Structures are given as C-alpha cells and as structure tokens.
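Note that the structure is a prediction, hence the values are computed from the model and not measured. Just so it is clear, the values below take in all heavy atoms, side chains as well, and ignore hydrogens, waters and symmetry mates.
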Amino acid sequence: MYEITVLPMKPDFEGEVVATLVSRRTGSRRAVLYLHGFTDYFFQDHLAEHYIGRGIDFYALDLRKYGRSLLPHQTRGLVRSVTEYFPEIDEAVRLIGRDHDEVTINAHSTGGLVASLWADRVRGRGLVRGLVLNSPFFDLNVPTPLRVAADLLKTPLSYTSRALPLPPSTVYGRTLHRSEGGEWDYDLELKPLGGFAVHAMWLAAIRRAQRRLHAGLAVDVPVLVLASSRGLRVRDFVPEARSADVVLDPEHIARWSTCVGPHVTCVRVPDGVHDLVLSAEPVRRRVFAEIDRWMDAYVTADLPDADQGPDADLGSDVYQGNANRP
C-alpha cells in the first residue's frame with residue numbers, strides 16, 4: 001500500500017492548487033522521487049517495486065493539475081511556466097530529506113525537463129545525489145518549420161488558456177493500455193489514450209524551458225539520460241510503435257543531454273517506447289539494469305539502514321491509496 005500526502009500550494013491564475021506525494025517506505029535512508037510527464041500520473045507499481053527491492057524508499061509526485069492533484073476548476077496540465085512546479089518539488093524533497101540521507105530524482109519526459117531546470121536552480125545545496133531522466137522532453141518532435149513557429153509564440157496568445165487546433169493521436173496510448181492490446185492498466189480519465197489538449201500558454205512555457213536548457217545548465221550532480229534507440233513519427237497505429245518512441249525524437253534527447261551538466265551518461269535502449277519502463281519486459285529489464293549500474297557507480301552512498309517506521313510524519317492530509325486510482 002501507498003501513503004498519499006496532499007501538499008497544499010499557493011493559488012495560481014486558476015485558483016486553488018495542490019500536489020500529491022505518493023510513497024512506499026521500508027525504513028531505508030535512501031530514497032527516489034519520481035516525476036511523471038505530460039498526460040500522465042504515477043501508476044507504475046513495478047517501478048516502485050524495483051526500487052523497494054533495492055532497499056530504496058520510493059516516492060512519486062503527481063504535479064499540480066495532473067492525476068490525484070487535478071481539481072475540478074483546473075485545466076489539465078496548464079501552467080504559465082515550468083517554474084510553477086518548483087514549489088511542490090521543493091516541498092517533496094524537503095519532506096523526503098527529513099528521513100533520508102540520499103535522494104535521487106527519477107523523471108520522465110516533461111518531468112525530465114522540469115527536473116533538469118529545478119536541479120540547476122538548487123545546485124550547490126546538496127538536496128539530491130543524482131538525476132535519472134527517462135526520455136526527457138528536451139525538444140519538440142516536429143518538423144523544423146513548426147518548431148520555429150512554436151518559438152514565435154510570444155504574442156498575447158501565449159498567455160491565454162486557448163487550446164491549439166492540433167489533432168489528437170492515440171498511437172502511443174494504444175501501445176500501452178490493456179484495452180488496446182498493451183500490457184498496462186491505468187485510469188483513462190487521468191491518462192487518456194488521445195492525450196491532453198495542448199494550449200498555447202503551455203507550449204510557450206515548454207519552449208522557454210527548452211531554450212534555457214539548450215543554452216546550457218550546470219547541474220552539479222551525476223545525470224543519467226535514457227532514450228530509445230529509435231524514434232517513429234506516425235499518425236496511425238502500426239505494430240512498430242510498440243518498439244520505438246512515437247512521442248519524442250531520441251536523437252534530440254541524445255543531442256541535448258550534455259547541456260544538462262558536466263557529468264552526464266546517455267544510454268540508448270533498443271526497442272524502447274517513450275516511457276522506457278513501460279516497454280516490453282526484456283527491454284524494461286535492461287532499463288532497470290542500466291539504472292542500477294549507474295546508481296551503483298555514481299550515486300549510492302554507504303549508508304546504514306534505519307528503521308523509520310511506517311508512520312513517519314509527512315505533513316498534513318495523509319491517507320491510504322494505490323498507484324492506479326486517485
């Protein structure tokens with residue numbers, strides 16, 4: 001079972017805001033904090049099980065306006081800047097750090113972009129020991145003219161909540177969800193097959209963050225960047241979509257990975273899908289092996305385990321839950 005901790009945040013332009021910290025603890029002094037991507041939330045029980053099996057406490061943060069944190073008055077995933085996520089990451093790391101001597105962030109896709117900029121902001125403070133970035137959203141997977149057009153979103157349109165007229169695609173969702181022949185069972189209300197609407201405000205925020213990363217960050221902890229060996233840009237489902245990244249271009253990820261900081265390891269994973277830990281079993285087994293090897297080499301400290309007990313205080317509004325439902 002997981003503990004679910006609601007983290008009240010300051011209101012934003014849409015009103016009340018919360019984030020949600022999900023945790024499974026064993027009394028270890030080591031911890032991992034997971035950050036999800038766009039059109040996403042934490043449901044990957046097997047990821048938690050992997051870290052727990054290594055003696056590492058597991059935490060996941062449903063960011064504001066996603067998953068367990070989405071409130072009725074909010075627009076899904078909508079922010080004016082990725083820095084709006086920093087307060088909930090700050091608070092989650094603060095709470096985790098009270099009971100742990102070693103914290104690593106494991107972040108996927110948009111979460112990987114956000115985690116990189118957050119880690120750059122807090123460099124020198126020793127808050128985390130490393131970053132594991134699973135297919136981070138370092139660039140737009142669109143033809144160059146559309147990428148240039150996105151960079152021109154500096155008009156009042158980029159400060160509105162207007163959705164862009166982009167056709168939805170169910171290709172990625174069909175590779176994953178059990179109802180479409182995939183392996184995974186998750187809440188389609190929280191992670192729809194066709195994804196969330198893309199708003200001009202959100203896209204402008206993402207491009208500002210990506211340009212900041214492209215200019216070069218100075219993250220001062222070791223970073224592992226994982227990406228599929230192959231990208232595939234298709235509008236309709238094809239079987240090959242089950243063994244390629246159909247969301248981002250892995251070449252972009254590899255190109256920009258060294259902009260995160262001076263100590264970056266980039267690993268390309270054959271037959272991986274966009275969320276590499278949701279790939280076919282032999283592929284995700286390799287992903288976990290790469291993460292373990294990297295953590296053993298660059299992150300793991302010789303820390304004695306300590307019994308923190310199952311009721312260690314995480315703050316207000318703690319209740320029991322599971323990974324697949326809010």
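Atom OG of Ser279 sits about 11.0 Å away from atom NE2 of His274, to the nearest 0.5 Å. For the atom pair OG of Ser229 and CG of Asp245, the computed distance is 10.0 Å after rounding to the nearest 0.5 Å. In this structure, CG on Leu248 lies 9.0 Å from CG on Asp139, to the nearest 0.5 angstrom. In this structure, CZ on Arg212 lies 12.0 Å from OG1 on Thr83, to the nearest 0.5 angstrom. Going from atom CG of Leu176 over to atom CG of Leu193 covers 9.0 Å, rounded to the nearest 0.5 Å. The distance from atom CZ of Phe42 to atom CG of Leu35, rounded to the nearest 0.5 Å, is 12.0 Å.
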Inset, instruction - Would you please test Val225 and Val267 for side chain to side chain contact (heavy atoms under 4.5 Å, CB included) and show each step? - result: CA-CA 6 Å; Val225 175; Val267 175; over 6 Å; no
Legend entry - side chain to side chain contact (heavy atoms under 4.5 Å, CB included) assessment of Ile105 paired with Val132: CA-CA 6 Å; Ile105 290 183; Val132 176; over 6 Å; no
Inset, instruction - Would you check, one step at a time, whether the test ring-ring contact (aromatic ring centres under 6.0 Å, His included) holds for Tyr51 with Tyr59? - result: CA-CA 10 Å; Tyr51 283 113; Tyr59 296 78; over 10 Å; no
Inset, instruction - Could you go through the side chain to side chain contact (heavy atoms under 4.5 Å, CB included) check for Ser81 and Arg208 one step at a time? - result: CA-CA 8 Å; Ser81 168; Arg208 288 194 299 273; 4.3 Å; yes
Inset, instruction - Start with the C-alpha gap between Arg121 and Asp90, add the side-chain angles, then the distance that decides, and say whether side chain to side chain contact (heavy atoms under 4.5 Å, CB included) holds. - result: CA-CA 11 Å; Arg121 180 179 65 92; Asp90 288 341; 2.7 Å; yes
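A side-chain donor-acceptor contact under 3.5 Å links Arg29 to the backbone of Asp99. With hydrogens and angles disregarded, a donor-acceptor distance shorter than 3.5 Å links the side chain of Arg242 to the backbone of Thr175. A donor-acceptor distance shorter than 3.5 angstrom exists from the side chain of Gln74 to the backbone of Glu16, with no hydrogens or angles considered. In this structure, the side chain of Asn106 does not engage the main chain of Tyr34 through any donor-acceptor pair within 3.5 Å. Looking only at distances, no side-chain donor or acceptor of Arg68 sits under 3.5 Å from a matching main-chain atom of Leu21. With Arg284 contributing its side chain and Leu278 its backbone, the two residues share no donor-acceptor pair below 3.5 Å. Judged by distance alone, the side chain of His36 and the main-chain N or O of Gly111 form no donor-acceptor pair under 3.5 Å. Of the possible donor and acceptor atoms, one in the side chain of Glu84 sits under 3.5 Å from a partner among the backbone N and O of Arg80. Between the side chain of Gln210 and the main chain of Phe137, a donor-acceptor pair closer than 3.5 Å is present. In terms of modelled atom types and a separation under 3.5 Å, the side chain of Asp249 and the main chain of Asn141 share no donor-acceptor contact.
For the residue pair Asp275/Asn134, the side-chain donor-acceptor check at 3.5 Å is satisfied. The closest side-chain donor-acceptor pair between Ser109 and Ser135, if any, does not fall under 3.5 angstrom. Ser28 and Thr26 share no side-chain donor-acceptor pair at under 3.5 Å. If you check the side chains of Arg129 and Thr300, you find no donor sitting under 3.5 Å from an acceptor. Under 3.5 Å, the side chains of Asp62 and Ser69 contain no donor-acceptor pair of N or O atoms. For the residue pair His100 / Asp57, a side-chain donor-acceptor distance below 3.5 Å is found, with atom types taken as modelled.
Leu70 and Ile4 are not part of a single hydrophobic cluster, where members link through side-chain heavy atoms under 4.5 Å apart.
Here the closest non-hydrogen pair linking His73 and Glu14 is CD2-O, 2.9 Å. Between Val171 and Phe237, the shortest heavy-atom distance links the atoms CG2-N, 3.7 Å. Of all non-hydrogen atoms in Glu102 and Arg30, the two that sit nearest each other are OE2-NE, 3.1 Å. Looking at every heavy atom in both residues, Leu131 comes nearest to Thr104 through N-CG2, 4.5 Å. Taking each heavy atom of Leu7 and Ala92 in turn, the nearest pair found is CD1-N, 4.4 Å. Heavy-atom minimum distance, Pro136 versus Leu226: CD-O, 3.9 Å.
Contact of the Tyr298 side chain with the Thr265 side chain is registered, since non-hydrogen atoms from C-beta on lie closer than 4.5 Å. With contacts defined as side-chain heavy-atom distances shorter than 4.5 Å, the pair Tyr41/Asp187 qualifies. By the 4.5 Å heavy-atom criterion applied to side chains, Ser116 and Leu217 are counted as neighbours. Put simply, the side chain of Pro250 reaches to within 4.5 Å of the side chain of Arg268, judged on heavy atoms. Under the 4.5 Å side-chain criterion, counting only non-hydrogen atoms from C-beta, Val219 is not in contact with Arg123. Residues Arg162 and Met201 are not in side-chain contact: their nearest non-hydrogen atoms beyond the backbone lie 4.5 Å or more apart. Contact check for Met9 versus Arg64: side-chain heavy atoms found under the 4.5 Å cut-off. Between Thr75 and Lys65 the shortest side-chain heavy-atom distance does not fall below 4.5 Å.
Heavy-atom contacts from other residues, nucleotides or ligands closer than 6.0 Å to CD of Glu189 number 12 or fewer.
Remark: Arg25 engages Glu3 in a salt bridge, criterion side-chain N to carboxylate O under 4.0 Å.
Aromatic pair His50/Phe288: centroids less than 6.0 angstrom apart.
Classified by interplanar angle (parallel below 30°, tilted 30° to 60°, perpendicular above 60°), the ring pair Tyr66/Phe38 is perpendicular.
Seen from the ring of Tyr2, Arg24 counts as a face-on cation partner, given the 6.0 Å and 45° thresholds.
Tested against Trp184 for a side-chain contact (heavy atoms from CB on, under 4.5 Å), the candidates His46, His177, Gln44, Lys191 yield a single pass: His46.
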